[in-house]
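A short write-up of the structure that comes next.
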2 protein chains.
Amino acid sequence: MLDLRRLEILHRFSARGTITATAADLGYSPSAVSQQLAALEREAGIALIERTARRASLTDAGRELAEHAARILDAVESAESRMRARVGAIGGRVTVSCIPALAPALAPHLAELQRGHPELTVVAHETGSTTAAAAVLDRRYDLAVIDDWSAHPPAEGTGLSVHRLRREDIVLALPSGHPLAEQPGPANAARLRQIVGDRTWLCAPAGQLSRAAGDQRLTSVGAVPPRRWEFEGLHVLAALVAAGAGVAFLPAGIAREQAGVTGLRPVPRMQRTILALTRTTTREDPAIAACLQAAKQALGSGH
Amino acid sequence: MLDLRRLEILHRFSARGTITATAADLGYSPSAVSQQLAALEREAGIALIERTARRASLTDAGRELAEHAARILDAVESAESRMRARVGAIGGRVTVSCIPALAPALAPHLAELQRGHPELTVVAHETGSTTAAAAVLDRRYDLAVIDDWSAHPPAEGTGLSVHRLRREDIVLALPSGHPLAEQPGPANAARLRQIVGDRTWLCAPAGQLSRAAGDQRLTSVGAVPPRRWEFEGLHVLAALVAAGAGVAFLPAGIAREQAGVTGLRPVPRMQRTILALTRTTTREDPAIAACLQAAKQALGSGH
DNA sequence: TGTTTTTACGGGGTGCGTAAAGATA
DNA sequence: TATCTTTACGCACCCCGTAAAAACA
């Protein structure tokens, strides 16, 4: 009979692509991963991996078995979650991913949860929104907090549960002393063109959701900034706006917290959604549910 | 992570009810089963078994986990079958169940298959039709050959694949010298009443499908036998009919092969269906497919 | 030369069966 | 007393990490 831990190794290998990375993810040595994959091949009776001295890759059979492994591991995870739900105890290890901008708000709530439940281990990393969904499905994380700058957040499906935590307005952030900041009224297309055309445009690096959403709005109103500066991190952008380095689209909350920044609401309205992602197979796990609850408290609509 | 072999033990225990029987089914000692179930409880973190010195039984959590285990094992079995299908080699161990009346016809074909494939191990048992479906779903057998005396054989569903091998007429078997046997024409209701009312009625023990189907026909035509003798095995009944001990419903093939027996076709027609059952999860397993093919050759409609 | 993978080897853990004991009908 | 279950114990096996080697960029 196929071995479950070996199937997990194959599944992880299929997601990561190298034995070394697989070993790092699972806390094994590369040697162990190599040996276990070889043993799995013996069990399956068919070559799963094409071996090069420099690189290992899946064969067709390996890819198919990895897909089966995903379903098997889903079923096992469901069973484990159900058993834990019966016990009701909050414990074990929960891995959480959070986008950097929200981590400071989330971390204290997770720490408090951990304080109340000594059996619980929370491992939190910071990851961007774009890769989080795949990482949760890959079991690299049990819970991911992301933001989505598109008008309609992604629907459920493919084993992912989407929990909407909050909707937040996006504002055009200007230095408070800026003459255009004092003018009343929202930032419609004409005003946007006027402001953007005059100042350095501050935005996230390409590939970020906030960058794509901002670019789209600028294009749609025909605003062309004279200069673009790219910086990582919404709080960094906020500080740059306050220092007079330029203007940017920022979540209203971040703009409000940053002294020396005034936010103008664009028309039509722009929003981002703060989402939490879990696997549907772990929906009943009390530890993960508790972490999700903590995220709702930390980031939910009441704040 | 839950261990797959332990889940298999739990699943088998849930089907068999005692640790001793579970151990016998799986080829373990009762000690090993007891230890593994205890380890599974530790892994699951919840009591799965209510322990009495004399008897072990599942708790609610144990029952639920056993259901999960069934799904998990299904998924694993599917994966294994797919891998074996990719290899295409006919090998491994296949457990077959056959109703006693058909075993003599089936066994030579299985033996020949085994001769052609040294890697293949076939384990054949004889089991009645009534328990075979559950036994296949329980993984006690991979393939079961049964007969069904009702008008409409069971449909697929719940993970069972039904393969129709043959339809066979049922005849009213009389000793060849019997005056009523020589009269031409079929056995309609009036003639059935006449024959049955005069002779000892030979039939299978209660609980057999052939018994239920025969009783139903006698009742529907209002035939009341003066005496009933119950014997196990259709060939035994045929021999008794030939010896002049009475009359019986028998499959046409069995009646034809028995010297000294004449078969009258009842009106309306009675039939039984020879079926093979497999799990849908093993449908692609080449070894099981080959055994099914052998059964079709041995028992199929061409014979 | 550095990275990735595999093989050799040793130690620790796990799981099995045997044997014995406990418990119950 | 006979059966079912559990515990004690020892042995074999398996698995992992360390170390070294091989292959390739």
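Chain identifiers are assigned alphabetically (A, B, ...) following the order of the sequence lines, protein sequences preceding nucleic acid strands; residue numbering begins at 1 within each chain.
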Among residues 11-26 of chain B, which ones have heavy-atom contacts with DNA chain D below 4.0 Å? B:Thr18, B:Ile19, B:Thr20

Taking the basic N atoms (NZ, or NE/NH1/NH2) and the acidic carboxylate oxygens, is any pair closer than 4.0 Å for B:Arg211 and B:Glu230? yes

A:Tyr141: what forms a ring pair (Phe, Tyr, Trp, His ring centres under 6.0 Å) with it, not counting sequence neighbours? A:His125

Can you name the atoms? Protein N/O to nucleotides 12-16 of chain D N/O, anything below 3.5 Å, with the distance.
{"residue": "D:dC15", "atom": "OP1", "partner": "A:Arg6", "partner atom": "NH2", "Å": "2.2"}
{"residue": "D:dC15", "atom": "OP2", "partner": "A:Arg6", "partner atom": "NH2", "Å": "3.2"}
{"residue": "D:dC16", "atom": "OP1", "partner": "A:Arg5", "partner atom": "NH2", "Å": "2.2"}
{"residue": "D:dC16", "atom": "OP2", "partner": "A:Gln36", "partner atom": "NE2", "Å": "2.5"}

Going by an N to O cut-off under 4.0 Å, is there a salt bridge joining A:Arg71 and A:Asp74? no

Under the side chain to side chain contact (heavy atoms under 4.5 Å, CB included) test, residues paired with A:Gln293 that sit two or more places apart: A:Lys296

Is there any salt bridge (charged side-chain N to carboxylate O under 4.0 Å, His left out) pair reaching into residues 22-37 of chain B, and which pairs are they, with sequence neighbours excluded? B:Arg12-B:Asp25, B:Arg16-B:Asp25

Would you confirm whether A:Asp138, through its side chain, and A:Arg140, through its main-chain N or O, come within 3.5 Å as a donor-acceptor pair? no

Run the side chain to side chain contact (heavy atoms under 4.5 Å, CB included) test against B:Ala89 and tell me which residues pass, sequence neighbours left out. B:Val87

Please name all residues satisfying salt bridge (charged side-chain N to carboxylate O under 4.0 Å, His left out) with A:Glu284, sequence neighbours left out, ordered by chain then number. A:Arg82

Atom pair distance, as rounded to whole Å: CZ in B:Arg42 and C1' in D:dT6: 13 Å

Residues which pass side chain to side chain contact (heavy atoms under 4.5 Å, CB included) with A:Glu126, listed by chain and number, not counting sequence neighbours: A:Pro100, A:Ala103

B/S/- along nucleotides 19-25 of chain D (protein heavy atoms under 4.0 Å) is ----SBS

Using the test side chain to side chain contact (heavy atoms under 4.5 Å, CB included), find all partners of B:Ile288 that sit at least two apart in sequence or belong to another chain. B:Val94, B:Asp142, B:Thr278, B:Thr282, B:Asp285

N-O pairing of A:Arg139 and A:Glu77 below 4.0 Å: yes

For chain A, the stretch of DNA chain C it reaches, first to last nucleotide, under 4.0 Å of its heavy atoms: C:dG2 to C:dA8

Residues at least two apart in sequence or cross-chain that pass side chain to side chain donor-acceptor pair (under 3.5 Å) with A:Glu67, listed by chain then number, are none

